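Down below is the structure, laid out as structure tokens.
Remember, it's a predicted structure, so these values are computed and weren't measured experimentally. Naming: A, B, ... by sequence-line order, numbering from 1 per chain.
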Amino acid sequence: MRFALSAQHIEFARSINGLLREAGTPAVIRAWAAGEHASGLALWRRLAEVGVTALAVPEQHGGLGADPVDLAVAFETMGYHAMPGPIVESIAVLPALLAPDDALAGRWLPGIADGSSIATVAMAPHVPYALDADVADIRLQVTDSGLAEFTPAAVPLDSVDAARRLYEVMGRRAISRRETAADAAFDHGVLACAAQLLGLGQRLLDDSVEYAKQRNQYGNPIGSYQAIKHLLADVATQLELARPLLHGAAVALAGDAATTSRDVSAAKVACGDAGYLAARTALQVHGAIGYTAEHDLGRWLTKARALRSAWGTPAFHRARVLDALMAERAS
Amino acid sequence: MDLDLDERTRQFRDEVASWLAANVPDKPMDSFDSAAGFAQHREWEAQLADARLSAVSWPEEFGGRDCSLLEWVIFEEEYYAAGAPLRVNQNGIFMLAPTLFSHGTPEQRRRILPKMARSEEVWAQAWSEPEAGSDIAALRSTATRTDGGWLLSGQKTWSSRAAFADKAFGLFRSDPDSDISPAAHPPRTPPKDRHRGMTYLMFDLHADGVRVRPIEQLDGEPGFAEIFLDNVFVPDADVIGEPGGGWRVAMTTANNERGLSLRSPGRFLAAADRLLELWRRDGDPADTALASRVADAWIGARAYQLYTFGTVTRLADGGELGPESSVNKLFWSRLDVELHETALDVLGAQGELRGEWLDGWLFSLSGPIYGGTDQIQRTTVAERLLGLPRGAR
Ligand SMILES: Cc1cc2nc3c(=O)[nH]c(=O)nc-3n(C[C@H](O)[C@H](O)[C@H](O)COP(=O)(O)OP(=O)(O)OC[C@H]3O[C@@H](n4cnc5c(N)ncnc54)[C@H](O)[C@@H]3O)c2cc1C
């Protein structure tokens with residue numbers, strides 16, 4: 001048993017982190033929210049160059065065939081920088097949806113791997129809308145009877161996270177009745193979303209700690225006051241204890257364990273709670289400056305709120321955990 | 001990254017599980033905080049020791065099995081899953097023993113550990129004083145130099161198990177000039193290092209000059225005690241570490257208490273498992289709010305288990321148990337309360353009746369207090385893990 005990230009994982013995270021930090025995601029996020037995709041797409045290509053988009057694509061289709069632990073690492077780092085775009089759908093979900101010998105896999109996955117294609121995937125009821133359908137060239141809806149392509153609505157819905165441009169699914173056309181790995185694809189989506197939430201939370205904590213060291217009131221840094229310290233310590237504790245659940249779920253998903261959906265759901269619950277607590281706390285620690293549209297904090301805060309109920313609400317995932325545990329006892 | 005147990009660990013786990021299945025008493029024992037229960041638990045410890053299972057992580061020469069940290073965590077999981085009795089000598093085995101391994105002499109280990117392993121000697125921790133709770137550095141009990149040893153005087157309090165225990169370990173002020181409490185005469189300005197001048201000593205609770213006054217806890221049992229000391233002689237051989245250097249030694253004990261050894265994941269996994277069983281039997285599936293809390297209890301226990309596997313890996317790689325031990329304690333102390341509260345709510349109108357869950361809940365309420373309160377742990381996490389500036393204490 002070795003329950004720690006390997007040196008390669010850490011190095012991989014560092015390279016993604018460096019790339020995203022250098023690019024400066026806040027400006028990218030703002031442009032993306034306004035429907036200007038150029039800088040975001042450039043960043044997407046950079047991520048493809050370091051292998052992020054190829055992670056879950058099998059080697060036969062030009063991918064890396066990496067395991068879900070790598071996905072968790074990449075998504076936590078992208079969450080840390082609030083990377084916009086349908087990253088969950090393209091990078092985690094689509095490759096898991098298609099059997100490697102499926103003709104559609106041969107058609108789509110090489111482009112996903114090299115970053116020239118972007119996919120969006122709707123999976124009602126938990127993922128009713130298609131994220132960024134306007135930039136995606138592969139637009140899929142997963143239904144009980146197979147896969148359908150669709151035409152998105154003309155204008156996006158208004159998400160609390162302006163960078164999440166959600167489209168209603170219109171004009172469906174069935175393209176495959178072949179059975180897809182919808183459950184596995186969903187679990188990959190949940191894992192990636194949980195990882196993003198953890199990364200968002202970690203960034204919100206780090207920024208709040210920095211701010212608390214610099215902001216002075218009553219003659220002292222606010223971070224020297226216990227009321228602030230204790231709020232931040234609670235966030236740190238929740239994040240620290242959510243991360244092992246995320247990694248445990250990635251290991252389960254990698255090994256196709258019987259407990260996979262239970263573990264993935266537990267990770268989503270914990271990362272969602274921790275990420276959201278981090279967001280609430282970050283705003284409180286920043287005070288009014290954090291409440292402005294101009295400050296970047298809001299980009300992270302609104303994404304945490306949106307992702308908390310994306311890919312299954314906390315209530316859904318808690319029920320899924322409990323159902324799985326009850327089923328384990330019955331058998 | 002994996003969670004697979006190797007062959008040796010699996011074999012060990014199976015051996016432990018089958019020994020426990022054959023030996024754990026069917027009927028729960030009386031509380032170890034009652035006289036009768038204390039004796040029952042002491043006997044159980046001897047039985048565990050006969051199977052070399054009372055202190056598996058210790059070296060073989062002291063009655064252990066040289067288990068790795070991982071094997072110890074697995075042992076604990078099996079132990080609590082089997083519903084085995086609580087550990088009456090936990091303050092000895094899980095706090096004093098690691099302290100002796102780090103700071104004790106070979107002679108001390110040889111003399112003390114074998115008897116501790118069999119609970120021929122049960123140990124109590126004597127740190128807190130009426131005026132020194134969270135601020136343990138304000139302690140006033142003294143150790144005064146005498147021929148061949150020290151004379152202890154003063155008052156300790158809240159000492160768990162001391163009502164029936166044999167021995168105790170604690171911190172004493174051996175340099176009167178280091179007294180920084182407001183009551184010091186003449187008043188002193190606190191020195192730069194308020195942690196100097198303290199010595200870590202072991203003493204006999206039945207020695208001349210010791211008086212123990214049991215104190216009833218919320219459950220009505222004398223779970224802790226006051227200890228009055230009046231010129232109690234302690235030989236030099238019972239000083240741990242350097243005279244005057246007790247604070248550093250004490251930090252080892254404290255980190256063990258918070259970090260890993262005192263409250264391993266096994267305890268909470270077993271409690272979560274019992275909660276799931278209770279829910280399956282008595283829960284109302286339509287009560288989704290309560291169902292969510294049941295799910296959260298299991299998620300919390302699982303999180304703590306995996307977090308601990310991470311800690312075990314980190315330590316095996318040569319890492320240290322630093323301020324993360326405060327993260328640990330904050331997490332389990334809250335988990336324990338919430339888990340038991342949930343069980344009582346599942347029990348509904350039966351929840352107020354004395355029984356396993358109610359007793360567990362009462363005990364869980366002390367978790368955020370002993371071993372350093374949650375407030376103190378939060379401050380530690382904020383300053384030492386997050387690097388926030390020190391503020392007023
Ligand atoms: C069940 C139980 C078993 C125990 N067993 C033992 C034992 O075996 N041996 C032993 O030596 N002791 C034992 N203790 C004592 C325990 O270590 C102390 O209770 C603990 O250190 C807190 O001290 P106190 O109770 O004096 O509270 P205080 O220190 O007086 O604290 C009271 C309140 O003030 C808060 N507070 C104090 N200082 C600060 C600060 N600087 N900033 C913010 N908040 C602060 C605390 O968090 C707490 O909420 C036990 C206690 C319990 C409940």
> Which residue out of B/R334, B/R314, B/Q375, B/R390 racks up the most heavy-atom pairs below 4.5 Å with chain A?
Replying inline: B/Q375

>> Less than 6.0 angstrom from the centroid, inside 45 degrees of the normal: does B/R13 satisfy that with respect to the ring of B/F75?
In response: no

> Which bit of B/D273 is near chain A, if near means a heavy-atom gap under 4.5 Å: side chain, backbone, both or neither?
Replying inline: both

> A/Y80 and A/L200: side-chain contact (heavy atoms from CB on, under 4.5 Å), yes or no, with the steps?
Replying inline: CA-CA 5 Å; A/Y80 192 84; A/L200 285 165; over 6 Å; no

> How many angstroms lie between atom SG of B/C67 and atom CD1 of B/I74, to the nearest 0.5 angstrom?
Replying inline: 10.5 Å

> Between B/H340 and B/W357, does the ring centroid distance fall short of 6.0 Å?
Replying inline: yes

>> Please classify the contact between A/T237 and chain B as side chain, backbone, both or neither, with a heavy-atom cut-off of under 4.5 Å.
In response: both

> Where does A/A4 contact chain B at under 4.5 Å (heavy atoms): side chain, backbone, both or neither?
Replying inline: both

> Where on A/E210 is there a heavy atom nearer than 4.5 Å to chain B: the side chain, the backbone, both, or neither?
Replying inline: neither

>> Which atoms of A/E240 are under 4.5 Å from chain B, going by heavy atoms: the side chain, the backbone, both sets, or neither?
In response: both

> Of the listed residues (B/D4, B/L386, B/V327), which shares the most heavy-atom pairs with chain A below a 4.5 Å separation?
Replying inline: B/L386

> Is it the backbone or the side chain of A/R329 that comes under 4.5 Å from a heavy atom of chain B, or both, or neither?
Replying inline: side chain

>> Quick one: does any side-chain atom of B/D66 pair with a main-chain N or O of B/G64 as donor and acceptor, under 3.5 Å?
In response: no

>> Could you walk me through whether A/D187 and A/R262 satisfy the salt bridge (Lys or Arg N to Asp or Glu O under 4.0 Å) test, starting with their C-alpha distance in whole Å, then the side-chain angles of each, then the deciding distance to 0.1 Å, before giving a yes or no?
In response: CA-CA 10 Å; A/D187 282 341; A/R262 178 198 78 181; over 6 Å; no

> Tell me, side chain or backbone of B/E383 under 4.5 Å from chain A's heavy atoms, or both, or neither?
Replying inline: side chain

> Is it the backbone or the side chain of A/L325 that comes under 4.5 Å from a heavy atom of chain B, or both, or neither?
Replying inline: side chain

